[in-house]
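Just so we're clear, the structure is a prediction, and the values are computed from it rather than from any experiment.
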Amino acid sequence: MTAKLTTVRSGALTTVQDAGRPGHAHLGVPRSGALDAPAMRLANRLLGNAVDAAVLETTLTGCALRPDQDVTAVVGGAPCPVTVDGRPAAWGAPVRVPAGSVLDVGAATAGVRSYVAVAGGIAAEPVLGSRSTDLLSGLGPEPLRDGEVVAVGTPAGPVPTPVAAPWPAPPAELVLPVRPGPRADWFTPAALRTFTSAAYRVSPHSNRIGLRTEGPPLERATAGELPSEGMVLGAVQVPPDGRPVLFLHDHPTTGGYPVVAVVPEPALAAAAQAAAGTPVHFTLA
């Protein structure tokens, strides 16, 4: 029998995530998946899992889990204290968790999202080829609740000998390269200069759907509204308040506000770890 994890403390928001479900935008289904994909892949590699094995993604306050069998886990992504039955354990490296013990993933000391990988991966039921929780469409498993039991898959083999892993630090300042979007001409030249020169900050209203910003509004050159258009991962949409919103993995697949720019996907992992108040700068790629 494979192990099961009982959720002792679910935290602010803990979801199951893997590499997501790309290729379904025509059905109105966003990609979803781990916001900090490099952190997910590294945690899995340290356990000998497939790099896209499902993990748990926590938000700010971590979570606590009790396995019914011995398991090996890695906690990575946003730095945080890790304990097993109250005793300090390693962050960013494999940790053995005996049956009945509590693995506690504490609040992030920097960044936003920590990742809990377990040897064998999280064995939630796939939907459209992915185990990811999609907060916008409701596909995939529900966010974890206290007392919920999560299944673990069968480990591929022994956990590799631990090595020093290069975990990136969460950004103290978020610098996002941008390429002009399809509706950049809807904004005044002054607004476009402001967009790539002003200092914005991450809004506390950000979530898995989008990173909202606080800062100077962008003035439109064109009045009125667009018919709904297709939206891509990394699109920077500008709603009526004029403040840019960067679409992340649970973004809608269509939208009617103009897209001033697009951030290339490799830059989005840093955005996933940018806490509220982090300075944001958009720079032309």
Check: Do the side chains of V8 and V55 join up, straight or via other hydrophobic residues, at under 4.5 Å, putting them in one cluster?
Finding: no
Please table the atom pairs, donor to acceptor, closer than 3.5 Å between any side-chain atom in residues 244-254 and protein atoms at least two apart or in another chain.
from : atom 1 : to   : atom 2 : distance (Å)
D250 : OD1    : S32  : OG     : 2.9
D250 : OD1    : R208 : NH2    : 3.1
D250 : OD2    : L135 : N      : 3.0
D250 : OD2    : R208 : NE     : 3.0
H251 : NE2    : L233 : N      : 3.4

Checklist line | Residue pair L35 / V112, side-chain heavy-atom distance below 4.5 Å | finding: no
Next item on the list: Flag yes if V175 and L268 sit in one hydrophobic cluster, no otherwise; membership is Ile, Leu, Val, Met, Phe, Trp, Tyr, and two members link when side-chain heavy atoms are under 4.5 Å apart.
Entry: no
Checklist line | Polar side-chain atom of S101 near backbone of V97 as donor-acceptor pair, under 3.5 Å | finding: no
Item checked: D134 side chain vs L139 backbone, donor-acceptor pair below 3.5 Å -> no
Notebook entry, point to check: Can V116 and L103 be said to form a side chain to side chain contact (heavy atoms under 4.5 Å, CB included), step by step?
Noted result: CA-CA 10 Å; V116 186; L103 171 67; 4.2 Å; yes
Notebook entry, point to check: Between V51 and M40, which heavy-atom pair has the shortest distance, and what is it?
Noted result: O-CE, 3.7 Å
Checklist line | Interatomic distance, I122 atom CD1 to L56 atom CG [nearest 0.5 angstrom] | finding: 4.0 Å
Next item on the list: Report yes if some heavy atom in the side chain of P98 is under 4.5 Å from a heavy atom in the side chain of V84; otherwise report no.
Entry: yes
Notebook entry, point to check: So, the side chain of Q69 versus the backbone of T2: is there a donor-acceptor pair under 3.5 Å, distance only?
Noted result: yes
Next item on the list: For T15 and P143, indicate whether the former's side chain and the latter's backbone hold a donor-acceptor pair under 3.5 Å.
Entry: no
Note to self: Could you report the tightest heavy-atom contact between P160 and G48, atom names first, then the distance?
What the structure shows: CD-N, 3.6 Å
Note to self: On a heavy-atom basis, which atom in G106 and which in C80 lie closest, and how many Å separate them?
What the structure shows: O-CB, 3.4 Å
Next item on the list: For residues D185 and A221, report the shortest heavy-atom separation together with the two atoms involved.
Entry: O-CB, 4.3 Å
Note to self: Check whether R131 reaches the backbone of A124 with its side chain - one donor and one acceptor, N or O, closer than 3.5 Å.
What the structure shows: yes
Next item on the list: Would you confirm whether R21, through its side chain, and S130, through its main-chain N or O, come within 3.5 Å as a donor-acceptor pair?
Entry: yes
Notebook entry, point to check: Quick one: which of V74, V75, V105 gives a side chain to side chain contact (heavy atoms under 4.5 Å, CB included) with W91?
Noted result: V75
Checklist line | For G92 against A165, the heavy-atom pair lying closest together | finding: O-CB, 4.3 Å
Note to self: Taking V159 as the starting point, is it possible to reach L42 by hopping between hydrophobic residues whose side chains are less than 4.5 Å apart?
What the structure shows: yes
Note to self: Return the CZ to NE2 distance between R212 and H205, rounded to the nearest 0.5 Å.
What the structure shows: 8.5 Å
Note to self: Within a 6.0 Å radius of atom CD on E229, are there more than 12 heavy atoms belonging to other residues, nucleotides or ligands?
What the structure shows: yes
Check: Does some side-chain heavy atom of R96 sit less than 4.5 Å from a side-chain heavy atom of D70?
Finding: yes
Note to self: Rounded at 0.5 Å granularity, tell me how far OG1 in T196 sits from NE2 in H281.
What the structure shows: 12.0 Å
Margin query: Is the shortest side-chain heavy-atom distance between L65 and V150 below 4.5 Å?
Written below: no
Check: At what distance, to the nearest 0.5 angstrom, does CG of L5 lie from CG of D68?
Finding: 8.0 Å
Next item on the list: Please test L218 against W186 for side chain to side chain contact (heavy atoms under 4.5 Å, CB included), starting from the C-alpha separation and ending with a verdict.
Entry: CA-CA 10 Å; L218 302 182; W186 275 50; over 6 Å; no
Check: Going by the angle between their ring planes, with limits at 30° and 60°, are F195 and F282 parallel, tilted or perpendicular?
Finding: parallel
Notebook entry, point to check: Which distance, rounded to the nearest 0.5 Å, do you find between the CD of E148 and the CD of E142?
Noted result: 8.5 Å
Note to self: If you count heavy atoms of other groups shown closer than 6.0 angstrom to CZ of R179, is the number above 12?
What the structure shows: no
Check: Within a strict 4.5 Å, meaning less than it, do heavy atoms of the P81 and T109 side chains meet?
Finding: yes
Next item on the list: Ignoring hydrogens and angles, tell me if any N or O in the side chain of N49 forms a donor-acceptor pair with the backbone of D52 under 3.5 Å.
Entry: no
Notebook entry, point to check: Any sub-3.5 Å donor-acceptor pair from Q237's side-chain atoms to V259's backbone N or O?
Noted result: no
Next item on the list: Quick one: closest heavy-atom pair of A172 and T278, and the distance?
Entry: O-CG2, 3.7 Å
Check: Does the side chain of R113 pick up a donor-acceptor pair with the side chain of T59 at under 3.5 Å?
Finding: no
Notebook entry, point to check: Are V263 and L211 connected in the hydrophobic side-chain network, where two residues link if heavy atoms are under 4.5 Å apart?
Noted result: yes
Next item on the list: Hey, could you give me the NE2/OG distance between H24 and S137, rounded to the nearest 0.5 Å?
Entry: 11.0 Å
Notebook entry, point to check: Under 3.5 Å, is there a donor-acceptor pair between the side chain of R243 and the main chain of G215?
Noted result: yes
Margin query: Test of understanding: clusters of I, L, V, M, F, W, Y form through side-chain heavy atoms closer than 4.5 Å, transitively. Do V95 and V152 belong to the same one?
Written below: yes
Check: Does T61 offer a backbone N or O that forms a donor-acceptor pair with the side chain of R9 under 3.5 Å?
Finding: yes
